[in-house]
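Take a look at the structure set out below.
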Amino acid sequence: MKNSDILLKLESITEAEELLARAAAEFDQHLLLASSLSVEDQVLTHMFLNITQKPRIFVLDTGRLPQETYDTMEKTMIKYGITYEVCTPPQDKLMSLLTEKGPNSFYHSVENRKECCFIRKVIPLQEKLKTGQAWMTGLRQEQSPQRNLVPMVEWDTPHDMIKLNPLAHWTTEKVWDYIKKNSIPYNLLHDKGYPSIGCAPCTRAIKSGAPMRSGRWWWEDPTHKECGLHTGTRS
């Protein structure tokens, strides 16, 4: 079946678990879940494991994640008896960046920050997606103004594959209800005012009522707050 036909079939689905199940049946071991260990990705991990015993779930280990994120990863592995496909930055490019610009260059300009994100996140993502035919993320419309049109199913032009965002229409309340109902491990930084968690030096707690992703790259203009993983993938 052509990708266009599969895309049309999946676009008719409105429920997250049904979408995941249909995609798993369609792509089998070529369906990848990108997990940042966020609550959304923990929900998708739980759903994925209800469908298949051997899901392909990968983590981009940037080398600068908070310890609480690694703790979440370990707890999830123990609870579900799974292993992650761990992706790391290309060492030659990372060493060049650190040698030429130091460990905190991302604070100095948007260009520097995007360069760091590109090396630590985007390049590993690009390499991993070459091993699949479709991928899933925990993107939700409620997360930020830049994501308010995120569809459940889209064509990812840069990677030439189908991209699924099964929780696109879920509210934060619905995500947490699912987490608690199913006793799913989650990052304890969420209990300390971190609704969105990335690399440790680029993430901080926010005040109640502040925009969800305002703790990410807080020194930048809000319109720049994407790392490059999800740009150019609207259908």
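On a predicted model such as this, the values are computed, not experimentally measured, just so you know. Values reported hereafter were calculated over all heavy atoms of this structure, with side chains retained and with hydrogens, waters and symmetry mates removed. Just so you know, residue 1 is the first one in the sequence shown, and it goes up from there.
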side-chain hydrogen bond (donor to acceptor under 3.5 Å, both in side chains) assessment of Thr88 paired with Asp61: CA-CA 5 Å; Thr88 56; Asp61 185 353; over 6 Å; no
[X] atom [atom1], over 12 foreign heavy atoms within 6.0 Å:
X: Gln29; atom1: CD; value: yes
X: Gln53; atom1: CD; value: no
X: Lys79; atom1: NZ; value: yes

Looking at side-chain heavy atoms only, is the closest gap between [X] and [Y] below 4.5 Å?
X: Pro185; Y: Gln42; answer: yes
X: Ser38; Y: Asp41; answer: yes
X: Pro201; Y: Arg64; answer: yes
X: Leu49; Y: Pro55; answer: yes
X: Ile162; Y: Trp135; answer: no
X: Leu167; Y: Leu139; answer: no
X: Ser196; Y: Thr203; answer: no
X: Ile78; Y: Met73; answer: no

Working for side chain to side chain contact (heavy atoms under 4.5 Å, CB included), residues Leu10 and Leu164: CA-CA 9 Å; Leu10 296 177; Leu164 308 175; 4.0 Å; yes
Straight-line distance of [X] [atom1] to [Y] [atom2], nearest 0.5 Å:
X: Asp28; Y: Lys54; atom1: CG; atom2: NZ; value: 11.0 Å
X: Leu32; Y: Leu129; atom1: CG; atom2: CG; value: 6.5 Å
X: Asn112; Y: Asn104; atom1: CG; atom2: CG; value: 11.0 Å
X: Lys128; Y: Gln126; atom1: NZ; atom2: CD; value: 14.0 Å
X: Cys116; Y: Lys121; atom1: SG; atom2: NZ; value: 8.5 Å
X: Cys117; Y: Trp217; atom1: SG; atom2: CH2; value: 5.0 Å

Test applied, side-chain hydrogen bond (donor to acceptor under 3.5 Å, both in side chains); reference residue, Glu142; option that passes from Thr172, Thr171, Asn148: Thr172
Of the non-hydrogen atoms in [X] and [Y], which two are nearest, and what is the gap between them?
X: Trp176; Y: Tyr186; answer: CH2-CD1, 3.6 Å
X: Pro195; Y: Met212; answer: CG-O, 3.2 Å
X: Ser35; Y: Ile57; answer: CB-CG2, 3.7 Å
X: Pro166; Y: Met136; answer: CG-SD, 4.2 Å
X: Leu97; Y: Ser105; answer: CD1-OG, 4.1 Å
X: Lys163; Y: Asp156; answer: CB-CB, 4.0 Å

From CA spacing to verdict: side chain to side chain contact (heavy atoms under 4.5 Å, CB included), Trp170, Glu40: CA-CA 9 Å; Trp170 279 37; Glu40 291 86 0; over 6 Å; no
Same apolar cluster (I L V M F W Y, side chains within < 4.5 Å links), [X]/[Y]:
X: Val153; Y: Val43; value: yes
X: Leu65; Y: Leu33; value: no
X: Leu20; Y: Met152; value: yes
X: Phe27; Y: Phe48; value: yes
X: Leu94; Y: Phe118; value: no

Main-chain N/O of [Y] paired with [X] side-chain donor or acceptor, under 3.5 Å:
X: Arg120; Y: Thr62; result: yes
X: Ser12; Y: Lys9; result: yes
X: Glu15; Y: Ile13; result: no

Residue pair Lys114, Glu111: steps toward the salt bridge (charged side-chain N to carboxylate O under 4.0 Å, His left out) verdict: CA-CA 5 Å; Lys114 289 187 175 181; Glu111 291 71 26; over 6 Å; no
Asn187 and His190: CA distance, side-chain angles, deciding distance, side-chain hydrogen bond (donor to acceptor under 3.5 Å, both in side chains) verdict: CA-CA 6 Å; Asn187 195 319; His190 288 303; 5.6 Å; no
Salt bridge (charged side-chain N to carboxylate O under 4.0 Å, His left out) between Glu18 and Arg22, intermediate numbers included: CA-CA 6 Å; Glu18 182 185 356; Arg22 291 282 291 274; 3.8 Å; yes
Side chains of Thr131 and Arg56, donor plus acceptor under 3.5 Å: yes
Side chain to side chain contact (heavy atoms under 4.5 Å, CB included) between Trp155 and Asn3, worked out: CA-CA 9 Å; Trp155 181 253; Asn3 278 324; 3.7 Å; yes
Contact list for residues 57-103, test ring-ring contact (aromatic ring centres under 6.0 Å, His included), sequence neighbours left out: His46-Tyr80
Side chain to side chain contact (heavy atoms under 4.5 Å, CB included) assessment of Thr72 paired with Lys75: CA-CA 5 Å; Thr72 306; Lys75 290 176 184 177; 5.8 Å; no
